[in-house]
Amino acid sequence: MGDLFRLSVVTGESTVLDTKVRSVNLPMDFGSIGILVNHAPMLCAVSKGIVRGALEDGSVVRVRVSEGIASVADNELTVLCGDAALIED
Amino acid sequence: MANLRAIRTRIRSVENTQQITKSMKMVAGAKLRRTQSAFSSLRDYAARCAEMLGRVAQGMPVTEPLLLPHAENARVCYVLIVGNRGLCGTYNSALLRYLEELAEKEEREKFLVVCGRWGKDMIPGANIPIRESFEIGDAPDAKEAEELTAYLRGLYTGGEADEVVLVYQRFRSVLQQSPGTQTLLPMAVEPPEKEAEKKYIFEPDRESLLRTLTDMTLKNTVHAALLEARTGEHSARMTAMTAAADNTEELIGELTLQLNHARQAAITTEISEIAGGAEAMRKNR
């Protein structure tokens, strides 16, 4: 599938998530933003909340994050934050 | 016979020492694994933070107070990260000696912030005034790093220090640590290596991103230094305790040999006494 990109959530202790996704929803101060494949390079401040990533099979992976920074470049989205935890269903 | 008993007691005491050194070695080994894995994951995270900082700061006029050198550079703050206890070879004393040499060459006014419990009475001998002491655990976590960072940043922004330098044992390998320094403040920004001309969108704005990233990078640097120092401490202790355990092994061998000699000598004496006695009785008959 050509329309996937890489999402990773990294904290000082571990890499919480590293997977291929279709789209991502990032929590920000003014609301949340959606990111799709081939997004322009961007650096943004992530606020405390939940990062949602839509996987290839349609399921959604959710990660609770503290404040941090996200960078998008070359179809790679990296979220760096102090604290993060995968939410299990 | 007193000699035999003395040797046995000696062996028993050496065996006890051996047990202690072996368990200390095991404890140090377990702590070493923990700090080492924490250190390596933090290093990855810190590298990414620093890279992003480089991207944001690139081509921007420096306004962030943590990045700006002070106009007057008259006071330097050494942050000495020592171990929490001894029994780790020359780990602590070599670091202290290094600091003394460093301070001797330094002409600016200087003071010390000590992290770690070791050397409450050794460090004042270095004749550098101690401003503050921090207790740092055996596996430093983000919270401890944050407290220390906040204090050091206060020193710099409050104008009490014009340069903050971390002094600690750099971790080369489990067998080798060497004392070194790292300038914490003012912070240096590494320019990004590649994709220099890529145009980034900054959300919400460049200044606030820069502030967040300098904060993160500063904290990471302190945390990484604490972890590196502790990793070195645990490996130094492990090495020292391995050597001590090996020595006790050798000592026990030597003592056992002595014991056997003494025992044989005692038996020989006893036999010759009996034989001599029997001979004397036969002659008397």
Side-chain angles (χ1 to χ4, degrees), chain A residues 5-19 23-53 63-86, chain B residues 34-35 37-58 60 139-146 149 192-227:
Chain A
F5 64 102
R6 190 167 159 207
L7 165 68
S8 47
V9 179
V10 183
T11 71
E13 275 136 40
S14 62
T15 300
V16 179
L17 181 74
D18 191 352
T19 180
S23 71
V24 173
N25 215 295
L26 285 180
M28 292 178 71
D29 267 351
F30 50 81
S32 64
I33 59 165
I35 289 164
L36 290 169
V37 74
N38 293 329
H39 195 285
M42 177 173 79
L43 282 169
C44 61
V46 177
S47 59
K48 198 170 159 183
I50 293 170
V51 173
R52 290 185 176 80
V63 183
R64 183 172 289 127
V65 296
S66 67
E67 277 157 0
I69 296 272
S71 110
V72 190
D74 302 321
N75 280 327
E76 272 195 27
L77 168 56
T78 311
V79 181
L80 300 178
C81 53
D83 212 4
L86 207 59
Chain B
R34 215 164 87 205
T35 46
S37 78
F39 178 49
S40 63
S41 35
L42 181 73
R43 204 160 39 180
D44 180 41
Y45 172 74
R48 290 189 199 218
C49 277
E51 191 194 328
M52 285 194 195
L53 178 63
R55 272 189 211 155
V56 175
Q58 192 188 29
M60 209 180 148
D141 56 19
K143 208 169 147 247
E144 286 168 310
E146 211 157 316
T149 312
E193 283 171 15
K194 43 180 189 174
E195 51 189 312
E197 61 283 358
K198 202 170 261 179
K199 269 207 97 58
Y200 272 88
I201 304 170
F202 296 106
E203 281 292 344
D205 58 80
R206 218 167 164 172
E207 285 71 25
S208 58
L209 278 181
L210 187 67
R211 204 167 311 125
T212 315
L213 277 167
T214 38
D215 280 356
M216 284 166 90
T217 308
L218 186 69
K219 201 186 106 191
N220 288 341
T221 313
V222 173
H223 195 182
L226 290 177
L227 279 172

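What you see is a predicted model; the values in this text were computed from it and never measured. These numbers come from the heavy atoms of this one structure, side chains and all, not from hydrogens, waters or symmetry mates. Just so it is clear: chains get the letters A, B, ... in the order the sequence lines come, proteins before strands, and each one is counted from 1.
- A/Cys44 and B/Leu209 make their closest contact through C-CD2, 3.8 Å (heavy atoms, listed as atom of the first residue, atom of the second, distance).
- Per-residue heavy-atom pair counts under 4.5 Å with chain B were compared for A/Pro41, A/Ser14, A/Ala45, and the maximum is reached by A/Pro41.
- Only the side chain of B/Met216 comes within less than 4.5 Å of a heavy atom of chain A; its backbone N, CA, C and O stay farther away.
- In this structure, the portion of A/Thr11 lying under 4.5 Å from any heavy atom of chain B is its backbone and not its side chain.
- Heavy atoms closer than 4.5 Å to chain B are found nowhere in A/Ser47, neither backbone nor side chain.
- Considering every non-hydrogen atom in both B/Tyr200 and A/Met42, the closest pair reads CD2-N, 3.5 Å.
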Before you tell me yes or no, could you show the steps for B/Arg55 and A/Ser71 under side-chain contact (heavy atoms from CB on, under 4.5 Å), namely the whole-Å CA-CA distance, both residues' side-chain angles and the distance that decides it to 0.1 Å? CA-CA 10 Å; B/Arg55 272 189 211 155; A/Ser71 110; 3.9 Å; yes
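- Rounded to the nearest 0.5 angstrom, A/Ile69 CD1 and B/Leu53 CG are separated by 9.5 Å.
- Considering every non-hydrogen atom in both B/Met52 and A/Thr78, the closest pair reads CE-O, 4.2 Å.
- Chain A forms the most heavy-atom pairs under 4.5 Å with one residue out of B/Asp215, B/Leu213, B/Asp141, and that residue is B/Leu213.
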